[in-house]
Asks: 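Next up is a structure, given as structure tokens.
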Amino acid sequence: MTTLPTWMRRALFATAGMNIGGAALFTPPARALRAVAGFPPGEHPLYLATVTMFVLLFGLGYLWAAAAGRADRLFITVAAVGKLSFFALLVWFWAVGALPVRAPLVGTGDLVFGVLFVVWLYGTRAEVPAAQLLRGRADQAPVASQPR
């Protein structure tokens with residue numbers, strides 16, 4: 001776990017709110033909200049509920065990390081890839097004419113937070129010496145004379 005700088009904690013609190021609120025967009029009865037956002041109405045309620053669950057779970061994960069002031073790099077990596085992928089999907093479906101332009105505009109927050117997560121990941125990569133990563137001990141402090 002890595003201690004988070006203030007700007008990253010704020011970003012996690014903000015994206016937690018965005019995800020927790022955004023989960024409502026995918027609930028089965030939220031057809032009107034999806035229409036306003038430019039998203040398709042949805043198919044079977046099981047699929048909408050599954051998406052709602054994942055968006056909400058990630059939102060709670062962001063909230064937990066922000067409140068704790070610490071985050072695991074793997075969690076932030078998955079979060080960055082997920083946010084950037086979601087935005088890319090919105091742009092792709094808009095580009096092929098399957099979504100209106102407001103859908104990727106609504107998803108711009110995911111682009112911003114995905115980029116912020118990548119910036120944090122890039123900035124923290126040097127904190128763990130490569131030798132520790134290779135030995136699988138990234139969570140331990142460097143030791144000068146560690147037995148092999």
Asks: If hydrophobic clusters are built from ILVMFWY residues whose side chains come within less than 4.5 Å, do F54 and V51 share one?
Replies: no

Asks: When you measure from the side chain of R70 to the backbone of T2, do you find a donor-acceptor pair of N or O atoms at a distance under 3.5 Å?
Replies: no

Asks: Taking a hydrophobic cluster as the set of Ile, Leu, Val, Met, Phe, Trp and Tyr residues connected by side-chain heavy atoms closer than 4.5 Å, whether directly or through intermediates, do L116 and V81 fall within one such cluster?
Replies: no

Asks: Determine whether I76 and L12 make a side-chain contact, defined as any pair of heavy atoms from C-beta on separated by less than 4.5 Å.
Replies: yes

Asks: Under 4.5 Å between side-chain heavy atoms, hopping through other hydrophobics if needed: is there a path connecting L57 to L46?
Replies: no

Asks: Applying the side chain to side chain contact (heavy atoms under 4.5 Å, CB included) test to L99, which of V91, L89, L90, V106 qualifies?
Replies: L90

Asks: Can you tell me if R9 uses its side chain to pair, donor with acceptor, with the backbone of A66 under 3.5 Å?
Replies: yes

Asks: Write down the atom of P100, the atom of G38, and the distance for their closest heavy-atom approach.
Replies: CD-O, 3.2 Å

Asks: Return yes when atom CZ of R102 has more than 12 non-hydrogen atoms of other residues, nucleotides or ligands closer than 6.0 Å, and no otherwise.
Replies: yes

Asks: Quick one: list whatever passes side chain to side chain contact (heavy atoms under 4.5 Å, CB included) with D110, sequence neighbours left out.
Replies: M18, K83, F86

Asks: Can you confirm whether more than 12 heavy atoms, excluding those of F93, are under 6.0 Å from its CZ atom?
Replies: no

Asks: List the atom of P28, the atom of P45, and the distance in Å for their closest heavy-atom pair.
Replies: CG-O, 3.7 Å

Asks: Please give me the minimum heavy-atom distance between F117 and A80, naming the atom from each residue.
Replies: CB-CB, 3.7 Å

Asks: State the OG1-CG distance between T15 and L63, to the nearest 0.5 angstrom.
Replies: 11.0 Å

Asks: Just by modelled atom types, is the V55 backbone N or O under 3.5 Å from a matching donor or acceptor in the N19 side chain?
Replies: yes

Asks: If we ignore hydrogens and angles and just use 3.5 Å, is the side chain of R73 paired with the main-chain N or O of L121 as donor and acceptor?
Replies: yes

Asks: What is the minimum heavy-atom distance between P5 and W120, and which atoms define it?
Replies: CD-NE1, 3.5 Å

Asks: Do the side chains of M1 and L60 join up, straight or via other hydrophobic residues, at under 4.5 Å, putting them in one cluster?
Replies: no

Asks: With L25, which residues qualify under side chain to side chain contact (heavy atoms under 4.5 Å, CB included), at least two apart?
Replies: L33, R34, A37, F39

Asks: Of all heavy-atom pairs between A14 and F113, which one has the smallest distance, and what is that distance?
Replies: CB-CZ, 3.6 Å

Asks: Could you name each residue pair satisfying side chain to side chain donor-acceptor pair (under 3.5 Å) that touches residues 45-64, not counting sequence neighbours?
Replies: none

Asks: Answer with yes or no whether the hydrophobic clustering places V115 together with M8; edges join I, L, V, M, F, W, Y residues whose side-chain heavy atoms lie under 4.5 Å apart.
Replies: yes

Asks: Using modelled atom types and a 3.5 Å cut-off, is there a donor and acceptor pairing between side-chain atoms of T108 and backbone atoms of P104?
Replies: yes

